[in-house]
Asks: 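Sharing a structure, written as structure tokens. Questions coming.
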Amino acid sequence: MNKQWFNEMEARIPKGRVRTRFAPSPTGYMHVGNLRTALYTWLIARHSGGDFILRIEDTDQERFVEGATDVIYATLRKCGLNWDEGPDVGGPVGPYVQTQRRDFYGKYAALLVEQGVAYRCFCDKERLEALHAAADGKNVGGYDGHCRRLTQAEINEKLTAGIPYVIRQKIPETGTTTFHDAVFGDITVENETLDDQILIKSDGLPTYNFANVIDDHLMGITHVVRGSEYLSSAPKYNLLYQAFGWEVPTYIHCSPVMRDSHNKMSKRHGDPSYEDLLAMGFLSPAVVNYVALLGWSPRGEDCEQEFFTLDELAKVFDIGGISKSPAIFDLEKLKYFNANYLRTLPPDEFFAGAEPYLKAAVKNPELDLSLIAPLVQSRCDTWEDIAPQVDFFDTLPDYSTELYIHKKMKTNQENSLAALQAALPVLEALDHWASSGIHDALINLAAQLEVKNGRIMWPVRVAVSGKAVTPGGAVEICSILGKEESLRRIRTGIEKLQK
RNA sequence: GGCGCGUUGGUCAAGCGGCUAAGACACCGCCCUUUCACGGCGGUAACAUGGGUUCGAUUCCCAUACGCGUCACCA
């Protein structure tokens, strides 16, 4: 065995700083749970001024999906989760794609075989399936250790015969193994319940569990964030680290993000991915903010704060705030976050984001969209809420005169007709069409007629919008529509009411 | 089934032996107001169950129930 090579690998490992990694497999898209894992991983690194590394785990060739890595890159970028090392940017401990590291795993596995901590297994599929069938749900788990007992002569014989083999980890038959997790604490299991798991598959590629241990060590990873579904395979890692004499990183297992109390969020159920949420009109920072709070909460003096920028999160994020129990993804609460982000956007940024949605609903080039935008800024959960609110600017909907009836305003069809008939000449007389003038004219009219403002405002607003609920009031709408169109709509209202 | 993990209001959650058990979303009411929204104020609503330990348990321990995960040459 080439000792020199192992020493060189060790020498590359950066020491003395926090290093975390996000290690997705390119098998699908970025789901909310993945995003959260990436976020926590990034936050832990940034909190300590450490390194955040991107590693692609593509050891399952059957599940490889073309283009999936691009989605990962794009999502991470859009969220602001920048990485210091990765397949595209390189780094001191590359390569950062597992299939490009396949020789490494073989060498370390051979080392374990040499030490007697792992062994070659020549059992074929049929035998393993028979084993499974015999076990049939009984408490005898996994592999029976058949090839453990092969003599060296038998091994050599099979090797020269070219029989394909895997390399399995030799788990002690007695005793217990204790594994420590930063979220779940100490977990102790009986070794006899542990399976002699496969380290190297017969295609020569490592299994997830083995590749993880090797890569995390070789890349100097100090904190491993992953889903709690890996919790039960974690104790076996300790045995591996022990065998190599390596330091075990801090493990942080996170409970899943659920769609309801029984099921995880999943593409299969049609749950939205990060990309889907953006397409649904959500803002990336709002999604990130909300997702951060699904399974983590700030403690101490920040414990009542819920709005955080990425930088603020990096500052206050701590592992102790991660929750053990699963969290249900609540679209209503995401909407609340999004509405808040939308509202606090500077007006020009809001307009920039809203413009495409405004254009889709208001085609008339005469109308100034930049005047409509501020009207909807405090009235949207997502961008998608814009169009249905502003479409009346484009064309007056055919509405029922019932809309003129309002209990609190004390309006009905008759007095609305009168109000419109009174308002018409007053507005016609205005030669400068602007909010303040329109406002004063209508308020003065109300005063003159000795009625509450609403008695005039409500009918006018209904007449110019054809809706019971509108962004902005009569004055704003009239001013945006322009004199000619406003008067035309008021006349239409009068006609409708006269019928 | 074995093993592991979890369980505070409908939801996210604080709490880490002593509290009238925070806060947020949603919901309801009031105020503001020319509608709606925003904003302000207030309200309804929770420690899964049973045993211990303790002067005292949401908090510690043990059962039970329910839920989740895992028992692959998938990650």
Side-chain angles (χ1 to χ4, degrees), chain A residues 23-25 27 57-60 62-63 121 123 125 128 132 135-142 164-168 181 184-185 187-190 192-195 197-203 205-209 211-212 226-235 253 255-256 258 261-264 290 293-300 303-307 320-321 323-330 332-337 339 343 375-380 389 403 406 408-409 411 439 442-443 446 452-462 465 467-475:
Chain A
S25 4
T27 56
E57 309 216 328
D58 58 346
T59 56
D60 185 359
E62 289 179 18
R63 287 219 281 169
C121 170
C123 294
K125 277 226 150 61
L128 293 178
H132 259 108
D136 189 38
K138 288 277 166 266
N139 56 348
V140 282
Y165 63 88
V166 300
I167 296 179
R168 309 187 90 110
D181 180 82
F184 289 92
I187 291 165
T188 301
V189 294
E190 300 286 334
E192 60 180 3
T193 67
L194 264 23
D195 191 26
Q197 67 175 339
I198 291 173
L199 268 19
I200 302 285
K201 300 182 272 190
S202 57
D203 65 1
L205 283 168
T207 55
Y208 166 83
N209 286 314
N212 247 256
R226 31 143 53 170
S228 62
E229 67 268 27
Y230 299 114
L231 202 53
S232 45
S233 56
H253 285 91
S255 283
M258 312 289 283
S261 58
H262 298 291
N263 306 97
K264 273 212 275 199
Y290 174 64
L293 263 19
L294 270 182
W296 173 82
S297 62
R299 317 193 315 157
C303 92
E304 289 191 10
Q305 186 181 343
E306 55 179 356
F307 288 97
S323 163
K324 284 185 223 185
S325 37
I328 298 174
F329 181 86
D330 182 5
E332 285 305 314
K333 187 136 190 185
L334 208 212
K335 282 184 188 168
Y336 161 79
F337 272 92
R343 245 181 281 127
L375 260 30
V376 292
Q377 186 159 7
S378 69
R379 281 168 246 256
C380 294
Q389 292 188 74
L403 289 187
H406 191 282
K408 203 172 134 211
M409 297 296 117
T411 61
H439 176 264
L442 293 176
I443 294 293
K452 305 255 291 184
N453 294 341
R455 287 278 296 276
I456 304 295
M457 295 298 191
W458 177 268
V460 172
R461 198 180 53 74
V462 169
S465 70
K467 290 182 141 191
V469 174
T470 56
V475 175

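Chain naming here is simple, since letters A, B, ... match the order of the sequence lines and numbering starts at 1 in each.
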Asks: I want to verify a distance call: between A75(B), G6(B), U35(B), whose nearest atom is closest to the Asn209(A) side chain?
Replies: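 Between A75(B), G6(B), U35(B), the one nearest the side chain of Asn209(A) would be A75(B).
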Asks: Quick one: the side chain of Lys333(A) and the base of A26(B), do they pair up donor-acceptor inside 3.5 Å?
Replies: no
Asks: Could you state the atom-to-atom distance from CD1 of Ile328(A) to C1' of A24(B) in whole Å?
Replies: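 In whole Å, A24(B) C1' lies 16 Å from Ile328(A) CD1.
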Asks: So Glu57(A) and Asn212(A), do their side chains get closer than 4.5 Å, heavy atoms only?
Replies: yes
Asks: Any side-chain heavy-atom pair from Met457(A) and Val475(A) closer than 4.5 angstrom?
Replies: yes
Asks: From Gln197(A) CD over to Asn209(A) CG, what is the distance, rounded to the nearest 0.5 angstrom?
Replies: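 Output value for this atom pair is 4.5 Å.
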Asks: Would you sketch RNA chain B in dot-bracket for me? Only Watson-Crick or G-U wobble pairs with both distances under 3.5 Å count, crossing pairs as [ ], other-strand pairs as |, the rest as dots.
Replies: ((((((((.[[[..)..(....]]].(((((.......)))))....[[[[[..)....]]]]])))))))....
Asks: Can you tell me which nucleotide in G6(B), U35(B), A75(B) comes closest to the side chain of Val469(A)?
Replies: U35(B)
Asks: Would you mind reporting whether Leu293(A) and Phe337(A) have side-chain heavy atoms less than 4.5 Å apart?
Replies: yes
Asks: Just so I know, are the side chains of Arg226(A) and His253(A) near enough to count as touching, which here means a heavy-atom distance under 4.5 Å?
Replies: yes
Asks: Considering only side-chain heavy atoms of His406(A), which listed nucleotide, A75(B), A37(B), U35(B), is closest?
Replies: U35(B)
Asks: Quick check: do Pro206(A) and Tyr208(A) have side-chain heavy atoms less than 4.5 Å from each other?
Replies: no
Asks: Can you tell me if the side-chain N/O atoms of Ser232(A) get under 4.0 Å from OP1 or OP2 in G69(B)?
Replies: no
Asks: Under 3.5 Å, is there an N or O donor on one side and an acceptor on the other linking the side chain of Lys408(A) and the base of U33(B)?
Replies: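 Pair found.
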Asks: Roughly how far apart, to the nearest Å, are A13(B) and C25(B) at atom C1'?
Replies: 11 Å
Asks: Hey, do the aromatic rings of Tyr290(A) and Phe329(A) have their centres closer than 6.0 Å?
Replies: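 Centroid separation for Tyr290(A) and Phe329(A): below 6.0 Å.
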Asks: Measure the distance from CZ on Arg168(A) to P on C71(B) and round it to the nearest whole Å.
Replies: 13 Å
Asks: For the P atoms, the ones on U54(B) and on C12(B), what distance do you get once it is rounded to whole angstrom?
Replies: 36 Å
Asks: Base, sugar-phosphate, or nothing for Thr59(A), non-hydrogen atoms under 4.0 angstrom?
Replies: sugar-phosphate
Asks: Let's see if you can work this out: which of C3(B), U34(B), C73(B) has an atom nearest to the side-chain heavy atoms of Ala474(A)?
Replies: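 For Ala474(A), the side-chain atoms sit closest to U34(B).
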Asks: Ignoring hydrogens and angles, answer whether the base of C73(B) and the side-chain atoms of Ser202(A) contain a donor-acceptor pair closer than 3.5 Å.
Replies: yes
Asks: If you measure from NE2 on His132(A) to NZ on Lys125(A), what distance do you get to the nearest 0.5 Å?
Replies: 12.0 Å
Asks: Answer yes or no: does a side-chain N or O of His262(A) lie under 4.0 Å from OP1 or OP2 of C68(B)?
Replies: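 Answer yes for this pair, as a side-chain N or O of His262(A) is under 4.0 Å from OP1 or OP2.
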Asks: Measuring from the side chain of Arg299(A) (C-beta onward, heavy atoms only), which nucleotide among A26(B), A75(B), G15(B) has the closest atom?
Replies: G15(B)
Asks: Nearest to the Ile198(A) side chain among A72(B), C5(B), U34(B), which nucleotide is it?
Replies: A72(B)
Asks: Leu231(A) CG to C68(B) P: how many Å, rounded?
Replies: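 Distance, rounded to whole Å: 17 Å.
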Asks: P atom, U20(B) versus U53(B): distance in rounded Å?
Replies: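 Here U20(B) and U53(B) have their P atoms 25 Å from each other.
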Asks: Nearest-Å distance, CG (Leu403(A)) to P (C36(B))?
Replies: 14 Å
Asks: Establish whether the base of C36(B) is bridged to the side chain of Arg379(A) by a donor-acceptor pair shorter than 3.5 Å.
Replies: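 Flag set: donor-acceptor pair detected.
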Asks: Can you check whether Pro326(A) reaches Lys264(A) side chain to side chain, under 4.5 Å on heavy atoms?
Replies: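 No, side chains not in contact.
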Asks: C1' atom, G40(B) versus G50(B): distance in rounded Å?
Replies: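 Those two atoms are separated by 46 Å.
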Asks: Any idea which of A13(B), C5(B), A22(B) is nearest the Ile187(A) side chain?
Replies: C5(B)
Asks: Counting any heavy atom closer than 4.0 Å, what does Met409(A) reach on the DNA or RNA strands: base, sugar-phosphate only, or nothing?
Replies: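 Here Met409(A) touches the backbone only, sparing every base.
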Asks: How far does the P atom of G15(B) sit from the matching atom of C60(B), given to the nearest Å?
Replies: 12 Å
Asks: When the distance from CD of Glu304(A) to C1' of A22(B) is rounded to whole Å, what number comes out?
Replies: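 In whole Å, A22(B) C1' lies 6 Å from Glu304(A) CD.
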Asks: When we call it a touch if two heavy atoms are under 4.0 Å apart, what does Gly472(A) touch: a base, just sugar-phosphate, or nothing?
Replies: base
Asks: Counting heavy atoms from C-beta on, name the nucleotide in C71(B), C3(B), G6(B) closest to the side chain of Phe184(A).
Replies: G6(B)
Asks: Distance criterion of 3.5 Å, no angle test: do you see the side chain of Tyr336(A) paired donor-to-acceptor with the base of A24(B)?
Replies: no
Asks: Any side-chain N or O of Arg343(A) less than 4.0 Å from the OP1 or OP2 oxygen of A37(B)?
Replies: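 So the side-chain polar atoms of Arg343(A) never come under 4.0 Å of the phosphate oxygens OP1 or OP2 of A37(B).
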Asks: Applying a 4.0 Å non-hydrogen cut-off, can you work out what Ala327(A) is touching in the nucleic acid: base, sugar-phosphate, or nothing?
Replies: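 Since only primed, P, OP1 and OP2 atoms lie under 4.0 Å of Ala327(A), the category is sugar-phosphate.
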Asks: Taking atom P in both G43(B) and G4(B), compute the distance separating them and give it to the nearest angstrom.
Replies: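 Their P atoms lie roughly 46 Å apart.
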Asks: Quantified in whole Å, what is the P atom distance between nucleotide A22(B) and nucleotide C62(B)?
Replies: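 These two P atoms come out 29 Å apart once rounded.
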Asks: Counting any heavy atom closer than 4.0 Å, what does Tyr290(A) reach on the DNA or RNA strands: base, sugar-phosphate only, or nothing?
Replies: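 If one applies the 4.0 Å heavy-atom cut-off, Tyr290(A) turns out to touch nothing in the nucleic acid.
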Asks: First locate atom CE of Met409(A), then atom CZ of Arg455(A), and finally report the distance between them rounded to the nearest 0.5 Å.
Replies: 11.0 Å
Asks: Rounded to whole angstrom, note down the P distance from C19(B) over to U58(B).
Replies: 9 Å
Asks: Under 4.0 Å, counting only non-hydrogen atoms across every strand here, what does Ser25(A) touch: a base, just sugar-phosphate, or nothing?
Replies: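 Counting heavy atoms under 4.0 Å across all strands, the contact made by Ser25(A) is with sugar-phosphate only.
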